[in-house]
**Q** 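First the structure, which I've put down as structure tokens, then a few questions once you've had a look.
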Amino acid sequence: MSILAIDGGTPVRTKPWQDNFTTGEEEKAAAIAALDSGYLSLFEGSHHPDLPFSFRGGPFVQKLEDFAGQMMNTPHVVAVNSATSGLYMAIGALGLGYGDEVIVSPYTMSACAVAPIIYGAIPIFADIDEDLGSLDPISIESRITPRTRAILVVHQFGIPARMDEIMAIARKHKLKVIEDCAQAWGAKYNGRSVGTIGDIGVFSFNVNKTIQSGEGGLCVTSDADLAYRLQLIRNHGEAVVGPAGYTDITNMLGYNYRMTEILAAIALEQLRKLDHLNTERLELVHRLLNGLAAHDCFALPPKRPEHYATFYVMPIRYRQALLGVARNDFTKAVNAEGIQFHQAYVRPLYLQPLYQQKNAFKAGYPWAAPENAQSRPNYSMGCCPVAERLHFEEMLINEHIRPPHTATDMDDILKAVEKVATEFSRRQNHL
């Protein structure tokens, strides 16, 4: 019998976990090249079709967009200063606003649900698929009303959502689809890059993502007009539409969501490394999945032929009834062995004060707006029971399935889990 570290025994691991640095000499050289050019940005919020660099940005921005389009087999890419900006742009480009509803996930980063609010639309939360973490198509359909205009689906944890079913629902109800791919670089669904299946896809270069330039992002679309609208919102569109003769100016108030040349140069080098970084990551993922599968107390992400998942983190559902130990006690015991499991992922978004008080702007707007009087969003506890169960009872997250960690590091996780599970099972059998 091994004494658990939490009870005074020797921990499985004392070695510290390493940070995931994906940048190197290539990114340094690219950043210096951008710096040496003297042009850290070449954007202008004006209509000058005769100039190669103005409304569309400088050479590094355009090289990044072109490379990403080729990589994902999509004709239009718009670089932005963050994926949050990209989500806001997507809502605006689709012409959404007051009187509209957008179905969103409660189990993701807050900007996904805030994006509709920025333009006056109402976010409606649908529940999630317990195996994937993304929107459940059955719940999506149950939330559709005459005011529903779009679905904002998140490929959570780098695992593609059930896009065939979601797109069928969208076609049936004439809805637009935005794909949040911030965690899903390189993921595919039925051979297609995520982000290229719906109307607009949004990717992130945030420092915590699979590849990164500190901040930054991309929007992708197959629709030329949507691409232009995204560019207008990115770059002071109100000053461009007149000289350009563009007449559909709804939501075309422009912001400064532009990416700098240095960020674009770094992001381009990161994109060139994506396949290699994902290959290394997936080797660790598969080793961990195979080892954890020996324990009935875990429900692991399923293998589906249509899904090529790239795993931003490792999501594990802990089933307390099969081990007889509360999640909190299990987590404390494993972490005492030198492992870093995080309980839960994100508290369901509708429990935030923003939604409980329905107050984003002055006087309770956009919920209090006359155009939104017919919306009846449900933000009460219990509206998305799967998301709540995962948050409060089941979800465990491990972030170490990424370089520079190795198979030996994954084995430490498995040894710690085996040690703790064996001891807790022994205790249950002696009750």
**Q** Which residues pass the ring pair (Phe, Tyr, Trp, His ring centres under 6.0 Å) test with Phe53, not counting sequence neighbours?
**A** none
**Q** Using the test salt bridge (charged side-chain N to carboxylate O under 4.0 Å, His left out), find all partners of Lys415 that sit at least two apart in sequence or belong to another chain.
**A** none
**Q** Below 30° counts as parallel, above 60° as perpendicular, anything between as tilted: where do the rings of Tyr189 and His307 land?
**A** tilted
**Q** Judged by modelled atom types alone, do Gln156 and Ser105 share a side-chain donor-acceptor pair under 3.5 Å?
**A**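 Distance-only check fails for Gln156 and Ser105.
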**Q** Name all residues meeting the side-chain contact (heavy atoms from CB on, under 4.5 Å) criterion together with Ala360; count only those two or more places apart in sequence or in a different chain, and write none if there are none.
**A**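 Checked Ala360 against side-chain contact (heavy atoms from CB on, under 4.5 Å); matches are Ile117, Leu354, Pro366, Trp367.
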**Q** Any ring-ring contact (aromatic ring centres under 6.0 Å, His included) involving residues 197-216? Give me the pairs, sequence neighbours left out, ordered by first then second residue.
**A** Trp185-Phe203, Trp185-Phe205
**Q** According to side-chain contact (heavy atoms from CB on, under 4.5 Å), who are the partners of Ala30, at least two apart in sequence or on a separate chain?
**A**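 Applying side-chain contact (heavy atoms from CB on, under 4.5 Å) to Ala30 gives Ala265, Glu269.
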**Q** Could you tell me which residues satisfy side-chain hydrogen bond (donor to acceptor under 3.5 Å, both in side chains) with His295, sequence neighbours excluded, listed by chain and number?
**A**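 In terms of side-chain hydrogen bond (donor to acceptor under 3.5 Å, both in side chains), with neighbours along the sequence ignored, His295 is linked to Glu418.
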**Q** Would you please name every residue forming a side-chain contact (heavy atoms from CB on, under 4.5 Å) with Phe43, sequence neighbours left out?
**A** Ser41, Val61, Arg234, Asn235, Arg258
**Q** Sequence neighbours left out, what passes ring pair (Phe, Tyr, Trp, His ring centres under 6.0 Å) with Phe157? Give chain and number order.
**A**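 If we apply the ring pair (Phe, Tyr, Trp, His ring centres under 6.0 Å) test to Phe157, skipping adjacent residues, the hits are Tyr345.
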**Q** Can you sort out the partners of Asp136 under salt bridge (charged side-chain N to carboxylate O under 4.0 Å, His left out), two or more places apart, ordered by chain and number?
**A**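 Result, salt bridge (charged side-chain N to carboxylate O under 4.0 Å, His left out) vs Asp136: Arg162.
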**Q** In the structure I gave you, are the side-chain heavy atoms of Arg143 and Cys384 within less than 4.5 Å of one another anywhere?
**A**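 In short, these two side chains touch, coming nearer than 4.5 Å.
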**Q** Check side-chain contact (heavy atoms from CB on, under 4.5 Å) between Glu399 and all other residues, then give those that pass, not counting sequence neighbours.
**A** Val313, His342, Ile397, Arg402
**Q** Can you name the residues that form a ring pair (Phe, Tyr, Trp, His ring centres under 6.0 Å) with His405, not counting sequence neighbours?
**A**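 Partners of His405 under the ring pair (Phe, Tyr, Trp, His ring centres under 6.0 Å) test: Trp17, His400.
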**Q** Check whether the side chains of Gln270 and Gln212 place a donor and an acceptor atom closer than 3.5 Å, and report yes or no.
**A**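 The answer is no; no qualifying pair exists.
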**Q** Return the CD1 to CD1 distance between Ile151 and Ile124, rounded to the nearest 0.5 Å.
**A** 12.5 Å
**Q** Are side-chain heavy atoms of Met314 and Phe341 found at a separation under 4.5 Å?
**A** no
**Q** Taking everything shown except Lys332 itself, do over 12 heavy atoms lie less than 6.0 Å from its NZ?
**A** no
**Q** Under the ring pair (Phe, Tyr, Trp, His ring centres under 6.0 Å) rule, collect the residues that match up with Tyr355, sequence neighbours excluded.
**A**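 Tyr355 satisfies ring pair (Phe, Tyr, Trp, His ring centres under 6.0 Å) with Phe125, Tyr379 only.
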